[in-house]
Amino acid sequence: MSQSQPFIAIVGGGVAGLTTALCLARVGLASTIFERANELSEVGAGLQLSPNALSVMDRLGLLPALKAVGVAADRVVLKRGSSGRTIAAVPVHAGDGTPYLSLHRADLQAVLLDAVLREPKISLRLGAEIAALGPGEHAVELGLANGGETVLADFVIAADGVRSAIVRQMGLAPATPTGTTAWRTTIEDDGETEDDGETPPGAGDGIRAWLGARRHAVAYPIRAGRAVNLVMITRSDDDPGAAHRLIAGFSRWDAQLVGLIGRAPAPTPWPLFAAPGSRPFTLGNGRILLVGDAAHAMAPYAAQGAGMAIEDAAVLAEAIVRTNEPRAAAGRYEAARRPRIDAVRKRVGFHRFVYHLPAPFSLGRDMALALRPHDALRADLAWLYDWRAPALAADRPHADDVGVPR
Ligand SMILES: Cc1cc2nc3c(=O)[nH]c(=O)nc-3n(C[C@H](O)[C@H](O)[C@H](O)COP(=O)(O)OP(=O)(O)OC[C@H]3O[C@@H](n4cnc5c(N)ncnc54)[C@H](O)[C@@H]3O)c2cc1C
């Protein structure tokens with residue numbers, strides 16, 4: 001970058017925004033996060049983070065804190081929804097020891113926020129909604145919603161989520177419904193199950209996905225094993241807002257899943273949206289860069305939305321610090337991220353198709369998966385899980401390894 005420090009404005013303080021600020025600080029660049037909420041709070045739901053994303057957290061020195069609040073998995077078990085019979089156990093561990101974690105979103109956010117508040121290169125402005133955007137040749141003007149304040153930024157990082165105001169301001173097509181809804185709930189430790197060694201029931205069973213025609217369910221431990229996150233995904237038209245219809249749809253499934261649903265508080269419906277694949281990740285002469293859901297919101301079938309946001313953050317920081325001109329930084333970022341995001345999107349579509357197959361096609365799926373050796377199942381995902389973060393070092397003159405799969 002040029003000798004003087006650029007003013008970098010990050011719009012949005014979610015996973016994407018907080019991680020981007022931390023990665024920028026790591027390479028020596030200061031930033032200001034503008035977050036519209038008055039305080040950062042996360043909905044009570046879980047998240048899986050695979051080794052590719054956690055390699056960024058490792059670079060940031062946050063892996064020990066995340067391991068302390070998460071639960072490490074070495075496989076994801078795919079089950080037949082109706083019977084609970086295991087179809088396959090897909091290995092997710094990494095050869096270099098980087099973990100695959102399931103954790104509570106609030107725990108991830110707390111770890112990120114704590115690091116942000118300790119970092120002198122980051123200013124966090126809460127209650128600061130960006131309502132206007134004026135891209136120019138030499139700077140981008142941002143207008144805040146309250147009080148008419150404006151700021152001039154060299155770079156604007158749009159990390160403002162699936163309903164991004166920046167995307168709207170730039171006249172890009174919005175994210176559209178995928179036609180599916182995620183129903184989320186969390187089974188907390190109620191303190192009554194300690195004696196039987198199950199706290200709460202199912203917390204020790206790892207990450208499980210029950211597959212069935214047009215719907216599936218996923219459960220995994222969070223809160224260091226003190227709670228279980230349960231997500232049920234159905235077609236949106238199957239469940240016009242009624243939780244009892246949803247539950248009826250799973251009532252003849254595996255007893256283990258039915259037991260979890262029975263213990264869980266009423267699930268919250270969460271219609272799933274996806275950003276158009278054609279949306280550019282960089283705009284405004286390279287001065288506006290999109291990260292996370294603002295760039296590429298995707299349905300959670302591959303559990304990679306936040307993972308991709310975290311990868312974006314590291315690649316973006318490297319791209320800005322290694323170039324001395326916004327267009328070059330933008331070109332570098334887009335070139336590194338576009339093929340990877342396209343590949344992840346393809347995988348999301350593949351999972352959606354395969355997970356929701358009806359009989360008799362599901363029998364063929366089960367047989368094919370059961371016959372595939374464990375090593376081959378892991379190798380199928382090497383391109384995804386074995387990506388490793390760029391060095392995030394402030395002092396390297398050149399970096400040709402920005403976000404390259406190993
Ligand atoms: C059911 C479900 C399960 C999922 N499971 C996984 C999983 O297992 N693994 C995984 O990796 N991903 C998963 N995801 C995806 C993941 O949750 C998202 O990709 C990720 O949270 C996106 O983060 P973000 O920071 O881009 O956006 P957000 O978290 O939406 O953050 C955007 C932030 O911007 C702020 N903001 C918005 N507009 C403005 C404005 N105008 N001015 C200032 N601030 C603004 C918002 O207040 C918010 O804080 C899942 C998603 C769903 C729905």
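It should be emphasised that the depicted structure is a prediction, and the values quoted were computed from it without experimental measurement. Atoms within each ligand, like the ligands themselves, are counted from 1 in listed order. Atoms considered below: every heavy atom in the structure, side chains included; atoms not considered: hydrogens, waters and symmetry mates.
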Going by the 4.0 angstrom heavy-atom rule, the piece of Leu272 near ligand 1 is side chain
Counting heavy atoms under 4.0 Å, the part of Phe34 that contacts ligand 1 is backbone
Near Trp270 (heavy-atom distance under 4.0 Å), the atoms of ligand 1 are 53 (C)
Q) Within 45 degrees of the axis of the six-membered ring of Phe353 and under 6.0 Å from its centre: does Arg365 put its NZ or CZ there? A) no
In this structure, atom 44 (N) of ligand 1 is nearest to the protein heavy atom Arg36 N, 3.1 Å
In this structure, CG of Leu103 is separated from CG of Leu47 (nearest 0.5 Å) by 6.0 Å
Rounding to 0.5 Å, atoms OG1 (Thr20) and CG (Asp312) come to a distance of 7.0 Å
If you scan protein heavy atoms around atom 41 (N) of ligand 1, the nearest is Ile130 O, 3.0 Å
Of all protein heavy atoms, the one nearest atom 16 (C) of ligand 1 is Ala306 N, 3.7 Å
| message | Side chain or backbone, does Val15 bring an N or O within less than 3.5 Å of an N or O on ligand 1? | response | yes
If you scan protein heavy atoms around atom 5 (N) of ligand 1, the nearest is Arg105 NH2, 3.8 Å
Closest to atom 3 (C) of ligand 1 among protein heavy atoms sits Pro300 CB, 3.6 Å
The reported gap from CD1 in Ile310 to CG in Leu60 (rounded to nearest 0.5 angstrom) is 9.5 Å
message = Evaluate Asn285 against Glu137 for side chain to side chain donor-acceptor pair (under 3.5 Å), listing each step before the verdict.
response = CA-CA 7 Å; Asn285 298 319; Glu137 179 61 26; 3.3 Å; yes
*Is a side-chain N or O of Ser55 found less than 3.5 angstrom from the main chain of Ala389, in a donor-acceptor match?*
yes
Worksheet entry | Arg338, CZ atom: more than 12 neighbouring heavy atoms under 6.0 Å | yes
heavy-atom search around atom 31 (O) of ligand 1 in the protein gives Gly14 CA, 3.6 Å
- Item | Flag, side chain of Arg279 to backbone of Ala294, donor-acceptor distance under 3.5 Å | yes
Q: Check the angle between the aromatic planes of His356 and His216 and answer parallel, tilted or perpendicular using the 30° and 60° thresholds.
A: tilted
CH2 of Trp253 to NZ of Lys79, rounded to nearest 0.5 Å, is 12.5 Å
Among non-hydrogen protein atoms, atom 30 (O) of ligand 1 lies closest to Gly161 CA, 3.7 Å
Could you tell me whether some N/O pair between Gly305 and ligand 1 is separated by less than 3.5 angstrom?
yes
> Does an N or O from Glu129, backbone or side chain, lie closer than 3.5 Å to an N or O of ligand 1?
Replying inline: no
Looking at Gly12, Ala159, Gly17, Ala299, the heavy atom closest to atom 32 (C) of ligand 1 belongs to Ala159
Do any N/O atoms on Ala303 end up under 3.5 angstrom from N/O atoms on ligand 1?
-> yes
At under 4.0 Å between heavy atoms, what of Ala53 touches ligand 1? The answer is neither
Note: Arg184, heavy atoms under 4.0 Å from ligand 1, region reported as side chain
For Ser164 and ligand 1, answer yes if some heavy atom of the residue is under 4.0 Å from a ligand atom, otherwise no.
no
Near Ala165 (heavy-atom distance under 4.0 Å), the atoms of ligand 1 are 41 (N)
Heavy atoms of Ser164 and Val167 approach each other most closely as OG-N, 2.9 Å
Among non-hydrogen protein atoms, atom 48 (C) of ligand 1 lies closest to Glu35 OE1, 3.5 Å
Taking both backbone and side-chain atoms of Gly307, is any N or O found less than 3.5 Å from an N or O belonging to ligand 1?
-> yes
If you measure from each heavy atom of Ala37 to ligand 1, is any distance below 4.0 Å? no
d(Arg388 CZ, Glu311 CD) to nearest 0.5 Å is 9.5 Å
Classify the side-chain pair His351/Arg347 by whether it contains a donor and acceptor separated by less than 3.5 Å.
yes
